[in-house]
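In the text below, chain A, chain B and the rest are named by the order of the sequence lines, each starting its count at 1. This one's a predicted model, so the numbers in the text were calculated from it and none came from an experiment. Just so it is clear, the values below take in all heavy atoms, side chains as well, and ignore hydrogens, waters and symmetry mates.
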Number of protein chains: 2
Amino acid sequence: MGMGRPREFDAEMALDQAMEVFWRHGYEGATIAQLTEAMGINPPSLYACFGNKEGLLKAALDRYTKLRGAWMDEVVAAPTARAVAERMLMGIAEKQTDPANPPGCLLVQGGIACGTGSENVPFELAARRAQNEDQLRDRFVRAKAEGDLKESADPAALARYVSAVSVGMGVMASSGADREALRQVASVAVQAVEAQSADRPQ
Amino acid sequence: MGMGRPREFDAEMALDQAMEVFWRHGYEGATIAQLTEAMGINPPSLYACFGNKEGLLKAALDRYTKLRGAWMDEVVAAPTARAVAERMLMGIAEKQTDPANPPGCLLVQGGIACGTGSENVPFELAARRAQNEDQLRDRFVRAKAEGDLKESADPAALARYVSAVSVGMGVMASSGADREALRQVASVAVQAVEAQSADRPQ
DNA sequence: CCAGATATGTAGTGTTCGCTACAGATGTGG
DNA sequence: CCACATCTGTAGCGAACACTACATATCTGG
């Protein structure tokens, strides 16, 4: 009972290429032919490794959120709620206009509305976005406990707000907004968080 | 030289149905079969009247923005920049969770990322969103001239911000956020506009 | 009532889609 | 060297896609 012929391609490198195709064309807009060409493999290798197109998307999303996870940890490590929001939104302005990647965010570009048979793709993306929102909420809960946010502040609402602005910026970026435009949006958006911050002693 | 057989269906009613299909499934996810069934017509009638699938989308977008236009006029008629933002975002929270329509906004759900051959669809939607942003910007320019916004305020940035929040709320709505969640986001978002408002005499 | 013009329903067209059968290649364990 | 297991490339599967040819039906102008 041998172990069989070994795989000739690197799964993570292939996933990076698939990620980019989904990012640029969305789940339904990306074809298997485009994916296999970008990944440098043939269809049977793709299906043997990832099951089917949706399995490939999930693997790409896993990789995307893993790469983003480290950055999100830096974000919530900022000292105050305001600094967290600023670091997050300004960072997003940079990332979503990074010419090394397609514009916008994979968790949005991947597929907001899908056709019959792919109805769960939008929910899959929403679930991943919710993870970031939860991380933000936890951070804002802490900020409130530390007296950094006002007593009247709602950490969950703040997290939802920052998440919503992030998504809006992603859509803007994908439709051509430049880095400066996104920075302006981030700059205005942070002021809402500042308005929820406690007046600190100078 | 007769005028030919008259159309047996109402174009606007048919467009309303097509609008809903695009809204729910996106441009690429919507099939001609779904569209014709919803519109109550056969493919040849669709192509004779709207040219092709993309022509139908544009006609549906025209109708959508026309319906929304009246509401946007009410929004910018609010007395202050803050009131404009509040009326806009709170209204969007209602509209995007109205069970009479699919959740979210057609100008987002229609297609953020598309496959080869439909690359211009996202730009078409972006152009329509830009119209709303322009309308907001003009209103904020006026607000600044009236002393309603601070001297340091940037009307274009504020308009972009409100537009971005709207889009973000739309995506949230389409992925299951309820009306109360959207209201919370709107409520926080308005505070950024308030922070740009001049201190008014009490 | 006729001729021209446009709309409609049936029934397809060619193409592309996601996916896979199959044969050959390349590995391991005995 | 052999049995077995897994991967790879070719080639193509059935289904669904956007779209249309064509015959028929229903109008107007004369």
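- Between the CZ atom of B/Phe50 and the C1' atom of C/dA7 there is a distance of 14 Å, given to the nearest Å.
- Distances shorter than 4.0 Å separate some side-chain N or O of A/Ser45 from OP1 or OP2 on D/dT8.
- Nucleotide D/dA21 holds its P atom 12 Å from the OH atom of B/Tyr47, rounded to whole Å.
- Considering only heavy atoms from C-beta on, B/Gln34 comes within 4.5 Å of A/Thr116 through its side chain.
- Across the protein-nucleic acid pair, A/Asp10 atom CG and D/dC7 atom P stand 15 Å apart, rounded to whole Å.
- Judged by distance alone, with hydrogens and angles left aside, the side-chain atoms of A/Lys144 form no donor-acceptor pair with the main-chain N or O of A/Lys150 at under 3.5 Å.
- Residue pairs satisfying the ring-ring contact (aromatic ring centres under 6.0 Å, His included) criterion with at least one member in residues 110-161 of chain A, sequence neighbours excluded, are absent.
- Within 4.0 Å of A/Pro6, counting heavy atoms only, lie sugar-phosphate atoms of the nucleic acid but no base atom.
- When the nearest nucleotides of DNA chain D are assigned to B/Pro44 and A/Pro43 by heavy-atom distance, the more 5′-ward of the two goes with A/Pro43.
- Counting to the nearest Å, the P atom of D/dT8 and the CZ atom of A/Phe9 are 5 Å from each other.
- D/dA18 atom P lies 11 Å from atom CG of B/Leu56, rounded to whole Å.
- With the nearest nucleotide of DNA chain D identified for both B/Arg5 and B/Glu54, B/Glu54 has the one nearer the 5' end.
- As rounded to whole Å, 5 Å separates atom P of D/dT8 from atom CD of A/Glu8.
- Nucleotide D/dA18 holds its P atom 4 Å from the NZ atom of B/Lys53, rounded to whole Å.
- The stretch residues 18-39 of chain A does not touch DNA chain D, since none of its heavy atoms comes less than 4.0 Å from the strand.
- More than 12 heavy-atom neighbours from other residues, nucleotides or ligands sit within 6.0 angstrom of CD on B/Glu146.
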